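In what follows, a structure is listed as structure tokens, so that the remarks can point back to it.
Keep in mind the model is a prediction, meaning the values are calculated, not measured. In what follows, every chain begins at residue 1, and chains take the letters A, B, ... in the order their sequences are listed.
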Amino acid sequence: MITFENVSKIYDNGYGALKGVSFHIDKGEFVFLVGSSAAGKSTIIKLMMKEESATGGNIVINDIDVNALKHREIPYFRRTLGVVFQDFRLLPNKNVQENVAYAMEIVGASNKEIRKNVPVVLSQVGLSSKAKMYPNQLSGGEQQRVAIARAIVNNPVVLVADEPTGNLDPETALEIMTIMEEINKRGTTVVMATHAERIVNDMKKRVIVVEHGIITRDENEGGYGYVQSN
Amino acid sequence: MFRAIKRSFTEAIRGMIKNGLMTVTSLFVVSACIFVFGVFLMLILNINFMTDEMADSYEVNVYIERSVQIEDDTVSVFINRDTAADEETYQATVNSIQTQIIGVENVDVSNIVFVSEADVIAGFKNSLGESAISTYTEIQPGFVGDCFRIKLNDYVKAEETFEIIGAIENVASVMKADEVYQRLALLGNVSTDFNDTKYQEVKEKLKNDILAIDNISPESLEFVKGEDIVKEFKKDLTDDELKIFEGLPDDFMHDAYNVRLKDLSRADETIEQLKALENVDTVENTRELVEIIENLKNSVQTVSIWVIVVFAIVSLFIISNTIKLTVHNRRKEINIMKYVGATDSYIRGPFIMEGIMVGLVSAVLAFFISMWSYQGLVSAIIANGSSMAFAFDIMDFSLMWKDLAIAYVCVGVLIGAFGSFISVRRYLHV
Ligand SMILES: Nc1ncnc2c1ncn2[C@@H]1O[C@H](COP(=O)(O)OP(=O)(O)OP(=O)(O)O)[C@@H](O)[C@H]1O
Ligand SMILES: [Mg+2]
């Protein structure tokens, strides 16, 4: 499903953020990416989204050679991914329902499909009653739920999340994780970079630990704490 | 498709409203640029209009050579023949005359030809046109006599030379070619007016020669009599000016053929061809005027192209800056669109649309500004320009508003689309 093979990334300023990263994630897996600040987690996410290009190595996602993607193929590749960020990234001038529908419009879905799918995903994230509200009228957790709804509305194969709970209190973070887990249970592969030690430890999922641009540990049913002890 | 356009349109309107002042500024600057473009366009349209009118009135006047007989500069020296004298004696006389002619100063020695009476008559007969030959009655031998046909070195001293030759013994008479003609015409019962008969033919031949030139428009050919040309010319003159013509015959101008050309650009070549024709006196035309207009047209076009280029760049710059502002305002949104998988063209759409709309609205503004200022200018010229030496008509706005409108819309849309394309390319990296 997702294969990183000896991937390195040197940013334009010459900084080497990744130095030979290799891992493989199967379809339907739930994977945490952990590691201290500046370790390279977000860089891995950006490479997966093709927001940045790898300097070396191979990245294959869903049988697509990501390095070889042409500029004009990138949008179509991204439609197979759903992305969620720490800062939600909602359009402030559109209400909840419109924010989700927007993602469908962009990929050219018909009005009929939009009317059918949007309420479904909104109920999945538990926001059916707030469909007409605007982002600034919502709590952080609710905003993140809108973002998740938007990420999954086009049925992506992989859901990629970069610290989705970073701005949320522990309680709300748990709610978000419940939703993520449900999405994963329905078959979507989830890759999530996080600093949320408790969540990682509680959920007993696969944990990939990144430090200084290399993978130091990759463990099924891992815990966050191992990072610290190493 | 329709939804995409509708989306671009509403987003574009949103962008324009959000940019407020910048949109208004760019509308004014761009319409000013389009207006300047329009000024040159209107200038070019007017000059083209003038040249067309010019071309319509462009006429070549081919004046016909009138004094056809002058071309024959031979002098005939007729010999007296004593019918009683025998051939030998006559031959001696002829020889003696020849020797004496050679001795005369001013005679071109290399051009002395003996022509028998029979040949003189035959030559005359040959020169007659169709109308003349119909009345011709055979000239009886003995009435004319043999002659020497000679040429002179200097025709100014002709009278003097004639006298000397005339004094030679047995020389009957010395005559110029037209005098010979008149005499023979009289004898042969042919009209004595050499010109008329021959001239008709010359005229006819010239007409056919002119029509044989391919750049001449055949239906335009028109014959004008010299006296009519003079009359026409005198019509516009004051009494004072008319005094100059006192004493001149009414037909001091030659008759002419007036023709028009199919292709004005080949005028020089055609005029040379006309000049080379037989029996053409002079060829006149208004070529200089046409050239002045053509030159004016060329320089205006060159200047226009540069001005248009400069103002197009200014417009592009201002539009791309307006769009840059919109792009900046909507940076976040664009990023979100990219994450969700929007294609480049989907993202560009609204920006290009906004550029096009700025261009289009500017074009409409510029059109009305142009219309008002052009009509104002025209009425001002008409109001105080009655005495103006305007040889040409100013084009009426109704004749050019369509061209202008089409050009403005095209320019506005192109500049708008291209301007926003540039800034989307530069600031959006899509
Ligand atoms: N665009 C960039 N240009 C240059 N250096 C960058 C760029 N993006 C990231 N970096 C550097 O690469 C390193 C890894 O950054 P990255 O964002 O992947 O870290 P991270 O593991 O996500 O950290 P955090 O947990 O704080 O989010 C950092 O040192 C960062 O400064
Ligand atoms: Mg990060």
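You'll find the side chain of B:V36 stays beyond 4.5 Å of the side chain of B:V310, heavy atoms only. No side-chain heavy atom of A:L47 sits under 4.5 Å from any side-chain heavy atom of A:V66. You'll find the side chain of A:K27 reaches within 4.5 Å of the side chain of A:V157, heavy atoms only.
Using the six-membered ring where Trp is involved, B:F37 and B:Y408 have ring planes that are tilted, between 30° and 60° apart. Under the 30°/60° scheme for interplanar angles, the aromatic rings of B:F418 and B:F421 are found to lie parallel.
Top candidate by heavy-atom pairs under 4.5 Å with chain B, chosen from A:F85, A:Y76, A:F77, is A:F85. With respect to chain B, the highest number of heavy-atom pairs below 4.5 Å among A:R72, A:E105, A:R78 belongs to A:R78. When each of A:V153, A:V83, A:L91, A:T80 is scored by its heavy-atom pairs under 4.5 Å with chain B, the top score falls to A:L91.
Within the 4.5 angstrom heavy-atom criterion, no atom of A:I74 approaches chain B. Both the backbone and the side chain of B:Y339 have a heavy atom closer than 4.5 Å to some heavy atom of chain A. When heavy atoms are compared at a cutoff of 4.5 Å, A:N111 approaches chain B by way of both its backbone and its side chain.
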